[in-house]
Structure formats: structure tokens, C-alpha cells
Amino acid sequence: MSDLLGELAALEAELGAEIAQASDESSLEAIRVKALGQKGLITLRLRGLGQMDAEQRKIAGPALNGLRDRIGAALSAAKSVITARAQAERLAAKRIDMTLPARPYEPGTIHPVSQVTDEIIEIFAGLGFVLAEGPDIEEDRYNFTMLNFPEGHPAREMHDTFFLDANHDGERLLLRTHTSPVQVRTLLAQKPPVRVIIPGRTYRCDSDQTHTPMFHQVEGLVIDRNIHMGHLKGTLEAFARAFFEIDQVKMRMRPSHFPFTEPSMEVDIGCKRSGDEIRIGEGDDWLEILGCGMVHPNVIRNCGLDPDEWQGFAFGCGIDRLAMLKYGAPDLRAFFDGDMRWLKHYGFQVFDQPSLCGGLSR
Ligand code: 2NM
């Protein structure tokens, strides 16, 4: 028996020395397995207790249990020391000098399309319009059917419209070809009078020098009682004066056709062309800037309103083209190339926020 106790004392001394030497978690783990694992030195001896007689077990039992507990405690104490030391080393390696100056960085710029969009919103907000937005991925009924596009209308064709694959109900979603579905959604959601301005991305399967498959459009809609073309013309004139920042703009309307308006018009403003340059507000030439009209009674009816009680006007124009015109960027496709040099040249500073009182573009 005293043999066993002597042996245990030697084992404890040996394990204690190994634990004190261990410098990382994996060597501590190796010691734990060696002593307390399935086939560990202490574990096997504990199993041997079953073969001893009662007298022996009375002495060996507490001795072995005590040894197991002390070694376990020594291992976990050593482990805390080692992890704390490793943590301290990691933190020391990561130390940064908070007094160093910030690395010089290149500030980004606001894209001309974003800037012009903000200008347009600002102008129409000043006329009492409210901003509205809707999804880029639309349902056929909002993009076409409710807007009085007959089945089989050429604008619905695959040729112009990006259709998504049919979903499990056989419904074919599409990328909106104009922002007009937002007008429909607005009229379905709120009672007139309505005055909304709706900028956003639109998509048509078209790509050449003057068309990109994604472009930006802004549309406006007014629905109220006794609305007439005079309101439309006055609104558009106020917009053109504010946007081009000139006191007088010559404006003319030509008859046109859109499914969702009757009558429909295209609007030109007076300009002067010399070479590639276009100057707004002088000269005897004309430049088309937008389409508009009185909202078709079918559209008003489709939105659950009585066209004998509610009338309105709507208009739409391309933002990208307005941005080219106003800020003189000649190539439409460069708008969407993401070239940092172009963005630096044509972009706006973050704090150049357009405002009516500050002068839109200063
Ligand atoms: C245009 C031209 C003319 C238009 C019509 C509507 C609605 F929803 F009220 F019917 N929204 N936008 C409209 C009318 C758009 O863009 C060239």
C-alpha cells in the first residue's frame, strides 16, 4: 500500500513538473490525455480500485480521487494562464497608434443623374408635389394593362420589354419600361387630390449611341377636380424655368400619342444650336424635352375613380438626357461606365445639395 502511495506521489510530482513546463494549449491537452484520458495513468489506476479489497480501497480511493482532482485543477489553472498570455500577446501585436493622422483618401462624387434627380424633386416639391417610388420589377397589369395599353400593343413586345421567366402561377413579371406603374399604385392607394413626382430606373431592350438598356425617367401626375391643360402648361413652364435657371423659356406643344393620355403632347423648348453646343433660352431652334397629356379616362376608371369627377395631367421625361443637356456631358454611355476619371470630372461634391433658395446648381 505504501508502495502505491509513493508511486502516486512520484506521479504527481512528474505531472506537476510537466504542467509547469507546458507553454501552449496543445501540450497541456497532451498532459491531460496522458493523465486523465480514457487510458490515462490516473484513469487506469482508478479502474483498478474494483479489484482491491475493502481495506486497500479505503486508502487508495481517496488518494487517487485527490490526485485526479489536484491534477485537473492544475491543468485548468495552467490553461487560464496560457490563454491570458496568448490574448495579451495578440493585443500587443495589434496595438495601433491613435495619434497617427488619417491616411489621405479620395472623396467620392455625386453622379450627375443623382444630382439632376435631386434638382427635379426639389423643383416639384416647391410646386406641392410629393415624392413617390415603386419597384423596378413590375407586374404586367401595372406596367401596361391598367395604363390602357391594349393587348398586343407594340410597346409590350419582347423587343422592348425585359420579361422575367414565368413564375409558378404562369405570371410573367417584367422590368418596368417606365415609372408610370407607380402612378397606378399611388392612385390605388390614396384618394385624390394627388400630386406626385416619380423618378426612377426604367428598362428597355434597346442599346445604341443614344439608348442604354437601363435609363432614368421622371414622371409627374396630378389628379384633382377641374384640372385642365392650362395647369399642365403652367406647371411645365415653371419647371423648365427653374431647371434651366433662365427667366423666360419659349415652349411649344405638338400633338402626339400615348396610350395613357388623351390628348397627348410632346413639348419642345426654344434653343440655339451651334455645332455640338445647345443653348437653352435663346435662338429659333426647338429641342424636345418631354411628353405629356391629360390622363386617359380609362386609366382613371381602371384606378377605381369616376373620370367625370376626377381629371388630371401627367408628364414624363428622361433624366439622363436632361443631365447631358444641363451639364454638357456628351456621351450617354459614359454615364454608366463607372469610370472614376469621368465621375471626378462630371460628379458633384457631396455638400452641393440643390435647393430652390440657394440656386439649384450655383
Ligand atoms: C409620359 C408622357 C405622357 C404618363 C401618364 C401617366 C398615368 F399614369 F397617369 F397614366 N403617367 N405618366 C405620361 C404621359 C408619361 O412620358 C413620356
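Both counts, for ligands and for their atoms, begin at 1 and track the order of listing. For the single chain, residues carry numbers from 1 onward in sequence order.
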Using a cut-off of 6.0 Å, state whether more than 12 heavy atoms not belonging to Asp69 lie near its atom CG.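 Enclosed: over 12 neighbouring heavy atoms sit under 6.0 Å from CG of Asp69.
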Could you tell me which residues satisfy ring pair (Phe, Tyr, Trp, His ring centres under 6.0 Å) with His178, sequence neighbours excluded, listed by chain and number?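 With sequence neighbours excluded, His178 shows a ring pair (Phe, Tyr, Trp, His ring centres under 6.0 Å) to Phe149, Phe260, given in chain and number order.
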Tell me every residue that passes ring pair (Phe, Tyr, Trp, His ring centres under 6.0 Å) with His345, counting only those two or more places apart in sequence or in another chain.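 His345: no ring pair (Phe, Tyr, Trp, His ring centres under 6.0 Å) contacts found.
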Do the side chains of Thr43 and Arg68 get nearer than 4.5 Å, heavy atoms only?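 Side-chain contact under 4.5 Å: no.
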Contact table ligand 1 N or O to protein N or O, d under 3.5 Å:
{"residue": "ligand 1", "atom": "11 (N)", "partner": "Gln183", "partner atom": "NE2", "Å": "2.6"}
{"residue": "ligand 1", "atom": "12 (N)", "partner": "Gln183", "partner atom": "NE2", "Å": "3.1"}
{"residue": "ligand 1", "atom": "12 (N)", "partner": "Glu219", "partner atom": "OE2", "Å": "3.3"}

Partners passing side chain to side chain contact (heavy atoms under 4.5 Å, CB included) against Asp208 (at least two apart in sequence or in another chain):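 Once residues adjacent in sequence are excluded, the partners of Asp208 under the side chain to side chain contact (heavy atoms under 4.5 Å, CB included) criterion are Asp206, Thr210, His211.
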Testing the 3.5 Å rule here: is there a donor-acceptor pair between the side chains of Gln217 and Thr202?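 Side chains of Gln217 and Thr202: no pair found under 3.5 Å.
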